[in-house]
Engineer: 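I'd like to ask you about the structure that follows.
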Amino acid sequence: MSISQRHVRYGKYHGTGNDFIVVDADEYVPNRGAFAAHHCDRTDGIDGDERRGADGVLFLALEEKYSPPRVVMTLVQPDGSTAEMCGNGARVAAEWAMARTGASEVMIDTQAGTRHARRVPVADGDDLVAIEMGEPSFAPEVVPLDRDEPLVEGQLEGYAVTGINTGVPHAVVFVDDVDAVDLESDAPPIRHHDVFPEGANVTFAAPRDDGGYDQRTFERGVEGETLSCGTGAVAIAAVAAHLGRCEDDVVTVSPPGGDLRVEVPDDGPAVLYGPVAHEFDGEVPVTPPAAD
Ligand SMILES: N[C@@H](CCC[C@H](N)C(=O)O)C(=O)O
């Protein structure tokens, strides 16, 4: 005998390929971790136009009474963990809220702080969504690091690694060619290294002749490579500025899924710009089927 299942509606979005299932937080999901683990699965998860599954579930609570409107964002990752911040996820949250309210700017409440987001019209192209990202920090207690000094190009697992927090911890490594890195084997020992007591996303960057950087990131919580990572793009720009590797305070960072623009002023918060796409909408069971 089958028991009828309650379903929840969702929207599927991506920001330069970093893709998310968006669920209105008014929809009661009793076990958000299990929901994310099941529906984000790349083999058995939600059936997308191009790729199954997703990099995470964004539970979004819209507070329309404020001006600009506010959104409380909770990112639940495929391993069931909750991330304090997500640059591309926050841009998706902003697009979702701006489409619902007609506003062209919103405030996003994250565990890393409240961030201002706005739509940026682009001549002859799709609008960009810009999100204020706070001030990147190298401070050991903020990254966090299991030592008293910042980690700047310290030797870890055969790479020169810099630890930085851009809302979440990143281990940034500069290389000549990101495509020459075996991410699936080289990133996990850094991601789980003792120096990062809460773990770290591992972001490789290679300078290009045009002043921009190529990016590849192995994400904590996804436990694999994603097509884009916004906090990682900001981490590259901030570490490059810190090491004197870039002259401009506006840097184009290119993960596999597209181009992101990052502003890293000497004082004040970083800003991340990029496109957001709404792929499709659907409904899924609120309680995933039990594993065999
Ligand atoms: N893809 C995100 C980062 C998400 C959080 C990360 N996986 C973590 O656990 O720290 C982005 O665009 O910033």
Side-chain angles (χ1 to χ4, degrees), residues 13-22 32-33 36-37 40 51 53-60 73-96 108 110-113 115 117 128-134 136-137 142-145 163-172 183 187-188 190-193 196-205 215-239 253-262 264 269-277:
Y13 289 73
H14 75 85
T16 48
N18 198 187
D19 58 347
F20 302 94
I21 300 166
V22 175
R32 288 180 167 186
C40 292
R51 291 198 300 161
D55 293 326
V57 181
L58 292 166
F59 291 95
L60 302 179
M73 173 180 110
T74 305
L75 170 61
V76 183
Q77 309 201 82
D79 70 350
S81 66
T82 301
E84 302 92 320
M85 178 54 177
C86 174
N88 289 323
R91 296 190 310 99
V92 164
E95 176 59 36
W96 177 87
I108 312 287
T110 76
Q111 290 172 36
R115 307 288 183 232
L128 302 181
V129 177
I131 178 91
E132 180 256 303
M133 294 287 288
S137 177
V142 178
V143 175
L145 300 174
I164 185 169
N165 188 301
T166 53
V168 290
H170 278 266
V172 175
L183 210 68
I190 301 172
R191 181 255 179 268
H192 293 287
H193 198 282
F196 297 109
E198 295 177 11
N201 301 282
V202 184
T203 290
F204 286 86
Q215 171 186 6
R216 288 179 68 198
T217 297
F218 182 99
E219 283 199 38
R220 185 182 72 161
V222 175
E223 304 310 331
E225 183 174 10
T226 52
L227 293 181
S228 176
C229 177
T231 50
V234 174
I236 290 170
V239 174
V253 179
S254 305
D259 290 337
L260 294 164
R261 198 169 90 215
V262 183
V264 275
V271 184
L272 173 71
Y273 298 76
V276 168

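Counting starts at 1 for both ligands and their atoms, in listed order. Here the structure is a predicted model, which means the values were calculated and not measured. Note that the numbering runs from 1 along the sequence shown for the chain.
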Engineer: Using the salt bridge (Lys or Arg N to Asp or Glu O under 4.0 Å) criterion, which residues pair with E95? Sequence neighbours excluded.
Structural biologist: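 Here the qualifying residues are R119.
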
Engineer: When L60 is tested against each of I108, V22, T74 for side-chain contact (heavy atoms from CB on, under 4.5 Å), which residue passes?
Structural biologist: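 Result: among I108, V22, T74, V22 is the only option passing the side-chain contact (heavy atoms from CB on, under 4.5 Å) with L60.
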
Engineer: Among residues at least two apart in sequence or on other chains, which ones pass salt bridge (Lys or Arg N to Asp or Glu O under 4.0 Å) with R220?
Structural biologist: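 For R220 the salt bridge (Lys or Arg N to Asp or Glu O under 4.0 Å) partners, ignoring immediate neighbours, are E84.
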
Engineer: Quick check: closest heavy atoms across D259 and T16, and the distance to 0.1 Å?
Structural biologist: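 For D259 and T16, the tightest heavy-atom pair comes out as O-CG2, 3.8 Å.
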
Engineer: Kindly write out the residues that satisfy salt bridge (Lys or Arg N to Asp or Glu O under 4.0 Å) with R191, not counting sequence neighbours, or none if the list is empty.
Structural biologist: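 Checked R191 against salt bridge (Lys or Arg N to Asp or Glu O under 4.0 Å); matches are E223.
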
Engineer: What are the polar N/O contacts of ligand 1 with the protein below 3.5 Å, with distances?
Structural biologist:
unit_1   : atom_1 : unit_2 : atom_2 : d
ligand 1 : 1 (N)  : N18    : OD1    : 2.8
ligand 1 : 1 (N)  : E219   : OE1    : 3.1
ligand 1 : 1 (N)  : E219   : OE2    : 2.8
ligand 1 : 7 (N)  : Q77    : OE1    : 2.8
ligand 1 : 7 (N)  : N201   : OD1    : 3.3
ligand 1 : 7 (N)  : E219   : OE1    : 2.8
ligand 1 : 7 (N)  : R220   : O      : 2.7
ligand 1 : 9 (O)  : Q77    : NE2    : 2.8
ligand 1 : 9 (O)  : R220   : O      : 3.3
ligand 1 : 9 (O)  : R220   : NE     : 3.0
ligand 1 : 10 (O) : N201   : ND2    : 2.8
ligand 1 : 10 (O) : R220   : NE     : 3.2
ligand 1 : 10 (O) : R220   : NH2    : 3.0
ligand 1 : 12 (O) : N18    : OD1    : 3.2
ligand 1 : 12 (O) : G87    : N      : 3.4
ligand 1 : 12 (O) : N88    : N      : 3.0
ligand 1 : 12 (O) : N88    : ND2    : 3.4
ligand 1 : 12 (O) : G230   : N      : 2.7
ligand 1 : 13 (O) : G87    : N      : 2.8
ligand 1 : 13 (O) : G230   : N      : 3.4
ligand 1 : 13 (O) : T231   : N      : 2.8
ligand 1 : 13 (O) : T231   : OG1    : 2.7

Engineer: Side chains of N88 and S228: any donor to acceptor distance under 3.5 Å?
Structural biologist: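 The answer is yes; a qualifying pair exists.
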
